Number of protein chains: 2
Amino acid sequence: MTTAAKHAPARPKRRNNRQGAVLDAAAARFRQHGYAATSMRDIAADAGMLPGSLYYHYPAKNALLVAVHEEGVRRIAAAVDHALAGIPELEPWRRLEAALAAHMETLLGGGDYSLVVLRDLPADDSALRARLVRLRDGYEARFKTLCRALPLTDPDAEPWLRMMILGAANWARVWYRPGGKAPAEVARQFISQLKGAPP
Amino acid sequence: MTTAAKHAPARPKRRNNRQGAVLDAAAARFRQHGYAATSMRDIAADAGMLPGSLYYHYPAKNALLVAVHEEGVRRIAAAVDHALAGIPELEPWRRLEAALAAHMETLLGGGDYSLVVLRDLPADDSALRARLVRLRDGYEARFKTLCRALPLTDPDAEPWLRMMILGAANWARVWYRPGGKAPAEVARQFISQLKGAPP
DNA sequence: ATATTAACCAAACGGTCGTTTGTTTAGCAA
DNA sequence: TTGCTAAACAAACGACCGTTTGGTTAATAT
C-alpha cells in the first residue's frame, strides 16, 4: 500500500484516504506502459474510481507523474542511504558495491515507483522535464561521492567509471528477468569487472 | 535478361517517391517524443502531406515503427560490420573497442533511426514487441561473439562484462551531449575501465 | 441534531486520435 | 491522345483524450 509517509504536517487524515491507491495505480501504469500511453481513465479504473475523481487528489496528469517521480527517487535514495548506513565498512569499493546493490534491488525488485524514474521524460514540457531531471540528479550525486572516494590509479577515470556503473545498472531493467540472479549479485559482478582483478 | 519481366517486384520506383521522407519524419518524431506521444498528424505535417496520405505508404502506425526499427538496426549493424571489416587488427580488445566505437558513433552521432531502437517498446502489442526485440537481439549477437573472444581470466565473467558494455553504451543517450567528447573516445574510455590496466 | 466537508459520482465539454473513404492530380506507356 | 496508375488531397468516422462542473454521500466536529 503505500505512498509517501509525509512526516512534516503529520496529519493522520481524518478519513479514508485513497490518494495512495491513486498514486500506486499511476506508478504501475506509467512503469508498464509509459506516461503518454497511460490515460487518466486507466488510472481511475485501477484505483477503483471514476476519471473525474482523480482531480480531487491531483490537479493534472503531469502532477501525478511528478508525484510518482518524487516518491520513486525518495524510495531508491532511502534504500541506498540505509544500505550505506548499515555497513561499518569504510573500504570505498565495498561501499560502492553496497550502494549499487541497494540501487539495483530497488529497481529490479518489483516496485513500480523507482522504475518510472528511469523511463523517458516527456519532451513537450521542458519545465516539467527539467524538474524531473533535477530530482534524479539529486539522487545520483550519491554515486559521484562514492566514486570519488575510490583509490583509482588514474583519477580522470572516475567520471567514466561512474557513467559505466550507473548506465549498466539502469539498463538492467531492459534485460533483467525476475527469475535470474539476485540484483545484489548482479551488482557484485558489475563492480567486480571494474576492480581489475586483485585476488 | 532476354524475356520481358511482367511486373518486376524490384522496381526502382517510377516517380517522385516521398516514402523516404515519411520514414524520416517518423524516425525523428519517434526518437524525440516517443511512439505513443507521436501522432500520425505530426508525422504527416513533417513529411509535408495530409494525415490520410500516410496510409498509401504504410498500412498503420505500428508499421511505421517496425520500418524505423528495421532501418535503425540495419544502419547500426552496417556501421559495426564496416568498422570490424576495416581493421586488420585481430587483438580481441581492439576489435571490441572498434565495434563499440561504431556502435556509439551511430547512436550519438545525430541519426534518428538507430536511437529509436533504444526507446521503450509498446507494451500493449506483444507480437509487435517480440518482433522488435528479435530485431535488436540479432544485432547484439555481434557483441556476444566479440566478448567471447576476449582473453578473460574468468570465462564466467563474459556475460556480465557484455551486459556492462552494452548497458553503459546504450544509457549514454540519456546523458550524452553533442558538445562533449567524441563517441569513439567515450567508447575507448569504457573499454579502458574494463581491461584492468595491464601496461 | 445539525453543519461541515472530505471524497467521490455522473455527465458532459471541446479537442485529438488512428483510420477510412472517395476524389483528384500528374507522370508514364500505348 | 488515351488509358493507367502512383501519389496525393479532402473530408469525415467513431473512439478516446484530459479536464470541468455540479451534485451526492457519509463521516466528523460542534
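These numbers come from a predicted model, not from an experiment. Below, chains carry the letters A, B, ... as their sequence lines are ordered, and counting in each starts from 1.
A salt bridge links A:Arg173 to B:Asp120: at least one charged side-chain nitrogen sits closer than 4.0 Å to a carboxylate oxygen. A salt bridge is absent between B:Lys144 and B:Glu140; no separation between the charged side-chain nitrogens and carboxylate oxygens falls under 4.0 Å.
Rounded to whole Å, atom C1' of D:dG18 lies 13 Å from atom CG of A:Asp124. Atoms CG (A:Leu50) and P (C:dA10) sit 6 Å apart, rounded to a whole Å. Taking atom CG on A:Leu54 and atom C1' on C:dC9, their separation rounds to 12 Å, with Å as the unit. Separating the CG atom of A:Asn17 from the C1' atom of C:dT5 is a distance of 14 Å, rounded to the nearest angstrom. Summarising the geometry, the separation between OH on A:Tyr56 and P on C:dC8 is reported as 8 Å, rounded to the nearest angstrom. In this structure, A:Tyr55 places its OH atom 21 Å from P of C:dA6, rounding to the nearest Å. If you take NZ of B:Lys61 and P of C:dC17, they are 9 Å apart, rounded to a whole angstrom. Following rounding to the nearest Å, B:Ile43 (CD1) and C:dT16 (P) show an atom-to-atom distance of 17 Å.
When every heavy atom of A:Leu107 is checked against every heavy atom of A:Ser114, the shortest pair comes out as CD2-O, 3.7 Å.
If you find the closest nucleotide of DNA chain C to A:Arg41 and to B:Ala60, the one lying nearer the 5' end belongs to A:Arg41. Residue order along DNA chain D, read from the 5' end via each residue's closest nucleotide, puts A:Asp42 first among A:Pro59 and A:Asp42.
Contact of the B:Ile43 side chain with the B:Phe30 side chain is registered, since non-hydrogen atoms from C-beta on lie closer than 4.5 Å.
Phosphate contact (OP1/OP2 of C:dA6, side-chain N/O of A:His57, threshold under 4.0 Å): absent. Regarding contacts with the backbone of C:dC9, a side-chain N or O of A:Ser53 is found under 4.0 angstrom from either OP1 or OP2.
Ring pair A:Tyr139/A:His103 is parallel by interplanar angle, where below 30° counts as parallel and above 60° as perpendicular.
Side-chain proximity of A:Met40 to the nucleotides D:dT19, C:dT19, C:dC8 is greatest for D:dT19.
Residue contacts shown for A:Ser39 are limited to sugar-phosphate atoms, with no base heavy atom under 4.0 Å away.
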